[in-house]
Structures are given as C-alpha cells and as structure tokens.
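All values reported here derive from a predicted model rather than from experimental measurement. Below, read A as the first sequence line, B as the second, and so on, with proteins coming before strands; counting in each chain starts at 1.
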2 protein chains.
Amino acid sequence: MPATPETDAATKGRGRRAARASGDDRERAILETAERLLEERPLSEISVDDLARGAGISRPTFYFYFPSKDAVVLTIIDRLVAAAAGSREQALATLAEGDLRAGLRQGLEDLYAAFRARRAVVLAAAELRTTNEEARELWTQVMEGWVADVTAVIEAERARGAAPGGQPARDMAIALVQMNERVQYASFAAESPSLADERVIDVLVDIWLRAIYGSADPG
Amino acid sequence: MPATPETDAATKGRGRRAARASGDDRERAILETAERLLEERPLSEISVDDLARGAGISRPTFYFYFPSKDAVVLTIIDRLVAAAAGSREQALATLAEGDLRAGLRQGLEDLYAAFRARRAVVLAAAELRTTNEEARELWTQVMEGWVADVTAVIEAERARGAAPGGQPARDMAIALVQMNERVQYASFAAESPSLADERVIDVLVDIWLRAIYGSADPG
DNA sequence: CGAGTTAGTCAACAAGTTGTCGAAAAGATC
DNA sequence: GATCTTTTCGACAACTTGTTGACTAACTCG
C-alpha cells in the first residue's frame, strides 16, 4: 500500500489563524482571485496587492488571512493534489482488474485530464517549486507516491514473467514518472518543442509499454 | 543538418554597452562572482548588490556592465550551451560510424558530463526559465536542436528496417529528450525521488533503446 | 443592557529590492 | 594641460514584502 500524500498535515496552519464568521468569504475570495489571475499571468507577476485588491480588501488585511502569497498558492495546489489522488485510487483499481495495458492508459489519461483541467495551477506549482521549499516537499510526496505505485506494478509484471528483467524497477519508475511530468508540463505551457495535446497520452503510453515489456536489442 | 542553437545572435547585446579597456576584468569578475555564488545558493537569493560587491564594484557600476542580473546568468548559460554543442558534434560523428547503441550511449554520457560539471549553472538556468522569456527562447533552441537530431536518427533506423514503426519519430524524440532533461535535472538537484548519479545513464539508455527498438506488446 | 473579549480592518511604517540620473574621477589623445 | 571618452558611484524614485498599532463591529455572558 504505497503512501498517499499527506495533504491534511500539509494543509495545517497554512490558512488563517482562527476560523469562523464571514471571514470564510474573504478567504475564498482570495483563493478565487489567485486562480483567476494565474490564468492571465505567471505567479511572479502577481503581487500580494493584486490578490488583496482582487478580493476587495487591503494588503494588511490579506495578511490576516494568509501569511504570504506562496501560502495561497500552496493551498490551491494542496487541493488539486487531493483531487488528483482520487484518479490514482481509481487507476489502481482498474489495474488490479488485470488488463494492465488498459489500466495503464486509463490511469495516465485520468491524471492528465485532472491536471489539464487546471493548467494554470500546475504551471504556478512548477514556478513555485523553484523558490519555495514547502512546494518542493509537497511535490516530493506526490512523486514518491506515484513512483512507489509504478515500481510495484513493474515488479509484479516481472514476477509473473510478463515483463523481462532490466534496470531496477524503481529506477525505471522514477525515469518514467519524471518523463510524464516534463512532457505534460511542456504541453500545458505550449513550449516548443512539445507534444500536441491530443498526442501526449498515445506517446507516453507507448514509451511506458516498451520500457516495461520491451527488450533493448537493436535489430 | 539540424540547426545549431544561435548562440552568437543570442549573445549580442547581452553584455556591456561598448567594450574595451580594463573593463573586461570587471566583466569577468562579475561572471565569476555569479558562478561562485550560484554554487552556494539559488539565483532567487542572489541580488544585484551581491554580484556587485563580489566583483568589488558598486551597484550602479554593475549596471554599466550588465543591464540586469538575468543578463549575467544568460551570458553564463550561453557559454555552457556553446560548450555542450561540442559534445553534440562528436556524438553525431560517432553515430555516423554505425554502432548506434554505442554512439547513443556515448552521446548521452558526454552531454550528461558536460552539464554535470556545472550543475549550479544548469539549476540556475531552470530557475530563470520560469520567469525570463529570453531564457525560455534560448532553451527552446537547444531542445529543438536535440529533438531534430534524435528524430533523424529514429527515422533512419526505421528506414533501414532496424527499428519497428510506432508513434511519429518526432513525437518520440520530444518525449525522450524531455525525459532526459527532467531526470538529469532531478539528479543534479538531488531531488527526491531522483536517480543516483551513477545510475542515470544506464537507465536512460535502456529506456531509449527499448522505446526505439522495442515493441509495445505485454506478454 | 453593557463591559469585555474577539474578529476584522487598514493607515502608516520599516526594510529590502530594482533601475536611473547626473555629477565627478580616471584615462586616453592631441 | 585642455578635451573627450570611459568608468565610477551617491542619491533618488518606484516598487516590493511584511509588521505594528490603533480603530471598528460584533458577539458573549453576567
């Protein structure tokens, strides 16, 4: 049973000091403003003042609700990650049913869809990761969870003789999961080069299957 | 003949306004200070003042030599990229000799070594990429160059019947090159999860070969 | 109801950053 | 040594972030 990211623990203490009353509205307004602004411009070009004004409060009042701009984004990321954890559960269930090819595709597809639906947040998360230790830790937990799952799958396939041996399963899992992260990010950001939206899953699934089941013999 | 990144054009106008005299020393001092400081802490925690003081000049004088902190880092990245272009030439030559397996491994190894030797710069480049358009463009050129090379190799192997068909060669190339970028970055940053230094090449080569030569049939 | 705690608000401040301007110092040139 | 160009930096303006202290609205319990 691989670990689920501890979104509860991570959330603790991120928001307002105490909580009650109509202040919930303000908190929500700040979060919504952040998401809205992130669709228009990168995190680095959004100031605390922008967030405060967007939520109809002054800057000092903002600090009553959140300790920093980063904390707002971290809260948003937490929620996205928690939502994505849902698709993971489902993918593992499908996988347990036996058809790995279909299960794998389904899993990657669901995850891609979940993140794609909130591109702006994913992009902000990547940006935050470069400067914010807490964001790095959160992402580490997410990645470790996926790597653990994939490692287990690869080992199971090898054990039942369906997949040939090769590099250590965990090493393969790390590279594959990181490939997905990078390819999907590039696609969200519409970098160049990047895979077209509707090609992403086909290409990733193909490489995964070949990496897991194929041999490395040039003809 | 795939494109080489235009490091010459990109460098233009990045440094000082005019150029001559002993000001070269100062310029070098700034660049060296930047590289030195980047080994100790991330780019976001280095100020123009740090750079100036490190080079023994005042902050306004810094602006005589470079228009911004970003410009300094961009110059450093330019040089690293130009150096890395060397290994690429060599890899293509080895590849042309025929033994793709060895050539591929050699190419990935050389590139990895070139970047690994200046981890701090690579990490700074990644950080800068999230906020600086020019850095993104520079990296785009580098990536497009590699993708073009790899696409050509895959197509050649398919044409001579050594590799089976599958996803479009360019799509495969994009995913593989982006995988390498991400895996290597994680290793440099000692993220968790990440591949241990001495495992990186083995794992990447294995996945590349399976992706290029393998089929996607689960047993 | 009314004194007291609590939640919510913000003007004003402190400290840090970036980038610019204009005047002065240092060097080269004739 | 008068003149032009390069180099240098003190002082300033603009913009951040985060804090403090005082003020208001509301609730609460005797």
Tell me which one of Asp149(A), Thr151(A), Val150(A) satisfies side-chain contact (heavy atoms from CB on, under 4.5 Å) with Val147(A).
Thr151(A)
Test side-chain contact (heavy atoms from CB on, under 4.5 Å), reference Phe62(B), set Thr33(B), Asp49(B), Val72(B), output is Val72(B)
Shortest non-hydrogen contact from Glu127(B) to Ser44(B)?
OE2-N, 2.8 Å
Rounded to whole angstrom units, what separation is found between the [atom1] atom of [X] and the [atom2] atom of [N]?
X        : N       : atom1 : atom2 : answer
Ile57(A) : dC10(C) : CD1   : P     : 7 Å
Phe66(A) : dG8(C)  : CZ    : C1'   : 15 Å
Tyr65(B) : dT6(D)  : OH    : P     : 12 Å
Phe62(A) : dA7(C)  : CZ    : P     : 19 Å
Phe64(A) : dT24(D) : CZ    : C1'   : 13 Å

Are the side chain of Thr75(B) and the backbone N or O of Ala71(B) linked by a donor-acceptor pair below 3.5 Å?
yes
Can you tell me how far apart OH (Tyr185(B)) and CZ (Phe115(B)) are? Round to the nearest 0.5 Å.
14.0 Å
If I take atom CD from residue Gln178(A) and atom CD from residue Gln178(B), how far apart are they, to the nearest 0.5 angstrom?
13.5 Å
Trp146(A) versus Asn180(A), side-chain donor and acceptor atoms under 3.5 Å
no
Is any side-chain N or O of Thr61(B) closer than 4.0 Å to OP1 or OP2 of dT7(D)?
no
Short N/O separations, protein against nucleotides 22-25 of chain C, under 3.5 angstrom:
none

Qualifying residue for salt bridge (charged side-chain N to carboxylate O under 4.0 Å, His left out) with Asp50(B), from Lys69(B), Arg41(B), Arg36(B), Arg59(B):
Arg41(B)
Pairs under 3.5 angstrom, nitrogen or oxygen only, protein versus nucleotides 11-17 of chain D, please.
from: dT17(D); atom 1: OP1; to: Val48(A); atom 2: N; distance (Å): 3.3
from: dT17(D); atom 1: O4; to: Arg59(A); atom 2: NH2; distance (Å): 3.4

